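Heads up: the structure comes next, in structure tokens.
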Amino acid sequence: MTTISENVIPVSRRAANDEMVAFAILTVLLLAVPLTGIYPFFIMLALCFALLACAFNLLIGYGGLLSFGHAMFLGTAGYFTAHALKVWGLAPEVGILVGVVGAAALSVLTGLIAIRRQGIYFAMITLALSQLLYFIYLQTPFTRGEDGIQGIPQGYLFGLFNLANSTVLYYVILAGFLFGFLTIYRTVNSPFGEVLKAIRENEPRAISLGYNTDQYKLLAYILSGTLAGFAGSLKVFVSQNASLTDVHWTMSGEIVLITLVGGLGTLFGPVVGAFVIIAMQQYLADFGQWVTVIQGAVFVVCVLTFRRGIIGEIGHLSRRRRH
């Protein structure tokens with residue numbers, strides 16, 4: 001005789017199935033975007049910020065580490081890729097690699113400094129390091145100061161794909177986003193990800209079980225910074241410039257806003273948050289500086305009405321209906 005428990009799908013397995021279905025739907029919708037006539041620049045920019053927010057969410061949502069300096073990885077990779085493309089004349093794929101390696105090296109260096117602290121102290125150290133890097137880039141000749149690196153050539157990816165074609169570029173950006181998203185998904189649902197969640201929930205308990213928590217947090221920080229750099233390298237091909245805006249602390253604040261609006265600690269929350277915030281910036285541009293005020297109002301409404309974020313609240317309501 002079968003018992004009730006034998007007929008019930010484990011919660012984790014059910015959640016994984018739901019995530020894969022949602023990912024399949026998201027992929028199909030994104031693949032169909034060029035056929036809809038939607039402005040491709042907006043979608044490509046949103047995908048870059050979605051990957052950036054997903055990388056940030058890996059650190060805070062699953063590792064419990066709040067970084068106020070993730071803009072330094074975005075901006076560093078952008079500068080390195082832009083310089084490699086325009087000054088060195090390297091191929092796009094090599095330029096992306098240069099940017100990602102630069103962000104990875106920076107994440108190792110800053111991670112070794114910041115990871116020794118926790119809570120607000122960790123956040124303040126990352127903010128300080130990010131601002132230090134901002135002033136370095138402001139004075140360094142290769143970044144061209146406040147002018148930034150403009151008119152970056154897009155070139156041919158692997159000598160085959162003309163990135164000057166908006167449709168080709170869109171699918172390249174989409175492929176990069178899907179690669180980064182799946183990397184994060186695999187990380188979160190691996191033994192490494194489970195240890196990260198344990199550290200987030202109760203670090204002393206994880207230490208008592210024999211885990212070197214500082215090592216796990218450092219690895220999560222490096223992976224998060226590297227993927228954030230990958231987003232920065234992709235963004236260069238969309239905007240065709242690299243500027244101080246991407247390194248400034250306000251960019252780090254925007255990453256936090258995107259993640260919280262979409263849903264902290266959820267897989268798809270940062271993606272939804274990125275599309276919401278970037279859509280506001282694009283379609284409310286006529287309001288000028290008031291866009292920032294509107295974003296602040298949206299954030300306040302989110303905090304007061306659905307503190308789990310858009311996807312977090314949807315997931316919570318879905319679980320309540322099942323029970």
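As the structure is a prediction and not an experimental result, all values here were calculated from the model.
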>> Show me the pairs that pass ring-ring contact (aromatic ring centres under 6.0 Å, His included) and involve residues 138-170, at least two apart or across chains.
In response: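 Every ring-ring contact (aromatic ring centres under 6.0 Å, His included) pair that includes a residue of residues 138-170, provided the two are not neighbours, is H83-F142.
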
> Rounded to the nearest 0.5 Å, how far apart are CD1 of I222 and NZ of K217?
Replying inline: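 One gets 13.5 Å once the value is rounded to the nearest 0.5 Å.
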
>> Quick check for you: to the nearest 0.5 Å, what is the distance between L133 atom CG and Q131 atom CD?
In response: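 L133 atom CG to Q131 atom CD measures 9.5 Å (nearest 0.5 Å).
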
Using residues 114-121 as the side-chain source, report each donor-acceptor pair under 3.5 Å to any protein atom, sequence neighbours left out, with the distance given to one decimal.
{"unit_1": "R116", "atom_1": "NE", "unit_2": "L112", "atom_2": "O", "d": "3.4"}
{"unit_1": "Q118", "atom_1": "NE2", "unit_2": "E203", "atom_2": "OE1", "d": "3.3"}
{"unit_1": "Q118", "atom_1": "NE2", "unit_2": "E203", "atom_2": "OE2", "d": "3.4"}

> Considering residues at least two apart in sequence or located in another chain, which fulfil the side chain to side chain donor-acceptor pair (under 3.5 Å) criterion with S107?
Replying inline: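 S107 satisfies side chain to side chain donor-acceptor pair (under 3.5 Å) with no residue once adjacent residues are dropped.
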
> Which salt bridge (Lys or Arg N to Asp or Glu O under 4.0 Å) pairs, counting each pair once, include a residue from residues 21-35, with sequence neighbours left out?
Replying inline: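 Those involving residues 21-35 do not exist here.
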
>> Quick test of your reading: applying salt bridge (Lys or Arg N to Asp or Glu O under 4.0 Å), list the pairs with at least one residue in residues 168-194, sequence neighbours left out, ordered by first then second residue.
In response: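 Matches after skipping sequence neighbours: E194-K197.
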
State which residues pass salt bridge (charged side-chain N to carboxylate O under 4.0 Å, His left out) with [X]; sequence neighbours excluded, sorted by chain then number.
X	result
E93	none
E254	none
K235	D246

> Other than L209, which residues form its hydrophobic cluster under the rule that side-chain heavy atoms must be closer than 4.5 Å?
Replying inline: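 So far as hydrophobic clustering goes, L209 is joined with F192, V195, L196, I199, Y211, Y216, L219.
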
Please output the side-chain donor-acceptor pairs of residues 54-75 that fall under 3.5 Å, not counting sequence neighbours, one pair per line with the distance.
{"unit_1": "N57", "atom_1": "OD1", "unit_2": "G265", "atom_2": "N", "d": "2.9"}
{"unit_1": "N57", "atom_1": "ND2", "unit_2": "T266", "atom_2": "O", "d": "3.0"}
{"unit_1": "Y62", "atom_1": "OH", "unit_2": "G265", "atom_2": "O", "d": "3.3"}
{"unit_1": "S67", "atom_1": "OG", "unit_2": "G69", "atom_2": "N", "d": "3.2"}
{"unit_1": "S67", "atom_1": "OG", "unit_2": "H70", "atom_2": "ND1", "d": "3.2"}
{"unit_1": "H70", "atom_1": "NE2", "unit_2": "S224", "atom_2": "OG", "d": "2.7"}

Identify every side-chain donor-acceptor pair in residues 20-29 under 3.5 Å, counting partners at least two apart or on other chains, and give the distances.
{"unit_1": "T27", "atom_1": "OG1", "unit_2": "F23", "atom_2": "O", "d": "2.8"}

Identify all side-chain donor-acceptor contacts of residues 267-280 below 3.5 Å with residues at least two apart in sequence or on another chain.
none

